[in-house]
Amino acid sequence: MILGLSNGWAEKIDTLRYRQLPGYPFVYVSDAYVSTPPAISDSLFDMVARGIRFRVNRTELLEDDPFITLYNDSLVPLLKQQNLVLRQVFVKGAASPEGPYWNNIRLSRERTKRLIEFLKSNLDQPIGNCKTDAKCVTEDYAYLVKLMELAGDEEYEQVRTIWERSKGDEHQCKRELMALNGGKTWNRLLQVYYPTLRQSRVVLWFTVNPDRIQFKGCPVSTEASNPLLTPLPEQLNLLPATYKAYTRRHLIAARTNLLHDAAYIPQFGFAPSANIQLEYYPLTGHYTYNAGFTFSNHRHWQNHKFMQVRDVQLELRRYFKGGGEFLGTYLGAYAQGTVYGIGFSETKGWEGEGGGAGLTLGHTCRLNKKGSLRLELSLSMGAFITRYDPYVWGNPINGTIDGLYYYNYRGSTSQFKKRNHRFMWFGPTNAGLHLTYDIIYRKKKEVTR
C-alpha cells in the first residue's frame with residue numbers, strides 16, 4: 001500500500017510490513033511471510049536510495065567512496081549478524097547531463113552494471129537468486145529537480161517547469177536548461193548538483209531468515225516510516241552541502257566615452273568633452289537602463305571658435321546574454337536632446353537645439369577578473385533633427401565690426417524669428433570606446449543553499 005503525501009514529499013510505505021534499518025534508509029526489512037516486495041516509486045527511491053559516485057566520464061569504482069566503506073565495514077556485518085536474506089535489489093544508474101547523449105547512455109548502463117557487480121561480490125549471498133529491478137537513466141533530470149527542491153534552490157521553479165514542459169524529452173530539457181539565463185544556470189548546476197547525479201543508487205529489500213523468524217531480533221525502527229526523518233551518516237548526504245555565500249551584484253555603473261574625452265573636430269581642433277553615463281542593472285534578465293550627459297564649453301574668442309554643447313541621452317539596452325551578467329553584445333534604443341553653440345570662424349557659427357533617436361549596437365567585455373571594470377565598443381545609427389540660426393562676427397547688414405555677434409539675417413528686423421533654419425540627419429550619430437566601472441553594489445545578502 002502506498003499513500004501519497006502533498007507538498008512534494010515522497011510517498012509513505014507500509015510500515016507494518018516493511019521497516020528501514022536505522023542509519024540505513026536504503027535497506028528495508030520484513031518478516032519472512034511477506035512475499036511481495038515493497039512498492040518503491042521513483043520519488044521514494046530518490047529520497048531513500050544511496051549509492052556510489054563516479055568521476056566524470058568514468059565507470060570504475062573508487063575504493064575510497066563513502067558508500068563502499070559504509071557497505072563493507074558496517075552494513076554487511078550487520079546483515080550477516082541478523083541473518084537477513086536478500087530478496088530484491090532496486091538499482092538505478094545515471095549520468096550527469098553534460099556531455100554527448102550517446103556517451104551518457106553508455107555511462108548509465110555501465111554504472112548500473114558496476115553497482116550490481118559490487119553487491120554480488122561483497123554480500124556473500126547469491127544475488128542472482130533474487131529479483132533485480134535495474135534502471136538506466138541517461139540524464140536524471142527528475143532527480144536533479146528533487147535535489148534542487150530539497151536544497152531550497154532559488155531556481156528550482158524554473159528548472160522544474162522546464163522538466164515538466166519537456167514531458168520526459170531529455171533532449172528538449174537539456175537544450176532549454178543550457179539556454180536558461182544565458183547559460184549561467186547550467187554552469188552553476190554543473191558545479192553544485194551534477195557530481196551527485198554521476199552515480200548508481202540502490203534500495204535493498206531483505207527478509208528475516210525463517211530459521212530466525214522472530215522479528216525483534218532485527219533492530220528495525222518504526223520511527224523510520226518517513227524516510228525524510230531518518231538520520232543519515234554525514235558522509236552519505238547526497239544533497240548539496242549547506243554553505244554560506246554572499247552575493248555582490250552591481251547596481252549602478254559609471255561610463256565615459258574615451259572618443260569624446262579626446263575628440264578632434266575638423267576646422268576646430270581638439271575639443272574634449274566631459275561625458276558621463278550611468279547604467280542601472282536589474283538582478284536578472286537582459287535589459288538595463290542608461291542615462292548620459294555630455295558637456296563641453298570651449299570658447300576661443302581670439303579666433304572666434306566655440307564648442308558649447310549640452311546633450312542628454314536616455315537608452316534602453318538589451319544584452320543578448322542573460323542571467324544578470326550584462327556582458328557581450330547588446331542592442332540599445334536611445335533618445336537624446338541637445339542644446340549647442342558652435343563656431344568655426346568669424347563667418348561660420350550656429351546656435352540651436354535638436355533631438356533625435358535611434359539604435360545602438362555594442363559589445364562589452366571584462367578588463368579585470370571581478371568584472372567591475374569593463375571595455376565597451378558601440379556604434380549608433382539614427383535620425384537627428386535640429387532648428388538653428390547661423391551667426392557671424394560683426395553687423396551683417398552694414399559690415400560694421402563692433403565687437404558683437406549677430407544672427408546672419410539680412411531681412412527686416414520686424415519679421416525676424418529665431419530658429420528659421422532646419423536640418424535633418426539620418427545615418428551614424430555616435431561612436432564609442434567606453435570604460436565602465438561599477439560604483440554602487442547591491443546590499444550583500446546571505447544565501448544558504
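Numbering starts at 1 and runs along the sequence shown.
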**Residue pair Q199 / F54: nearest heavy atoms and the distance that separates them** = CA-CD1, 3.8 Å
**Which atom of F118 lies closest to which atom of I52, heavy atoms considered** = CD2-CD1, 4.1 Å
If you round to the nearest 0.5 Å, how far is [atom2] of [Y] from [atom1] of [X]?
X: L115; Y: K92; atom1: CG; atom2: NZ; answer: 13.0 Å
X: D140; Y: S108; atom1: CG; atom2: OG; answer: 10.0 Å
X: W163; Y: Q172; atom1: CH2; atom2: CD; answer: 10.0 Å
X: L278; Y: Y289; atom1: CG; atom2: OH; answer: 16.0 Å
X: E110; Y: S200; atom1: CD; atom2: OG; answer: 10.5 Å
X: L316; Y: T360; atom1: CG; atom2: OG1; answer: 11.0 Å

Salt-bridge criterion met for [X] and [Y] (N-O under 4.0 Å):
X: K146; Y: D42; result: no
X: R188; Y: D153; result: yes
X: E353; Y: R387; result: no
X: D438; Y: R374; result: yes

Is there a donor in the side chain of [X] and an acceptor in the side chain of [Y], or the other way round, less than 3.5 Å apart?
X: H304; Y: S345; answer: no
X: N290; Y: R255; answer: yes
X: T196; Y: Y143; answer: no
X: T138; Y: N104; answer: no
X: Y330; Y: E376; answer: yes
X: S296; Y: S273; answer: no
X: D402; Y: T400; answer: no
X: E154; Y: Y156; answer: no
X: Y407; Y: E351; answer: yes
X: N275; Y: D261; answer: yes
X: N368; Y: S372; answer: yes

**Message:** Quick check: do I252 and E279 have side-chain heavy atoms less than 4.5 Å from each other?
**Reply:** no
**Side-chain heavy-atom pair R198, E98 within 4.5 angstrom cut-off** = yes
**Message:** When you measure from the centre of the six-membered ring of Y334, is the NZ or CZ of R317 closer than 6.0 Å and no more than 45° off the axis?
**Reply:** no
Counting only heavy atoms not in [X] (residues, nucleotides, ligands), do more than 12 fall under 6.0 Å from its [atom1]?
X: R165; atom1: CZ; value: yes
X: F426; atom1: CZ; value: no
X: R109; atom1: CZ; value: no
X: F293; atom1: CZ; value: yes

Any sub-3.5 Å donor-acceptor pair from [X]'s side-chain atoms to [Y]'s backbone N or O?
X: N420; Y: K417; value: yes
X: T185; Y: N181; value: no
X: Q20; Y: P25; value: yes
X: H298; Y: P272; value: yes
X: Y406; Y: Y409; value: no
X: K174; Y: P97; value: yes
X: R53; Y: P66; value: no
X: D65; Y: L61; value: no
X: R201; Y: A49; value: no

**Request:** Start with the C-alpha gap between N303 and E346, add the side-chain angles, then the distance that decides, and say whether side-chain hydrogen bond (donor to acceptor under 3.5 Å, both in side chains) holds.
**Result:** CA-CA 8 Å; N303 53 10; E346 296 179 3; over 6 Å; no
Does the ring centre of [Y] sit less than 6.0 Å away from the ring centre of [X]?
X: Y287; Y: Y319; result: no
X: F320; Y: H286; result: no
X: Y441; Y: H250; result: no
X: W425; Y: F384; result: no

**Prompt:** Which word best sums up how the rings of F67 and Y71 line up, parallel for under 30°, tilted for 30 to 60°, or perpendicular for over 60°?
**Reply:** parallel
**Message:** Just to verify, which of V27, V89, I116 counts as forming a side-chain contact (heavy atoms from CB on, under 4.5 Å) with V202?
**Reply:** V89
**Message:** Out of the candidates Y405, F344, W393, only one should pair with F306 under the ring-ring contact (aromatic ring centres under 6.0 Å, His included) rule; please name it.
**Reply:** Y405
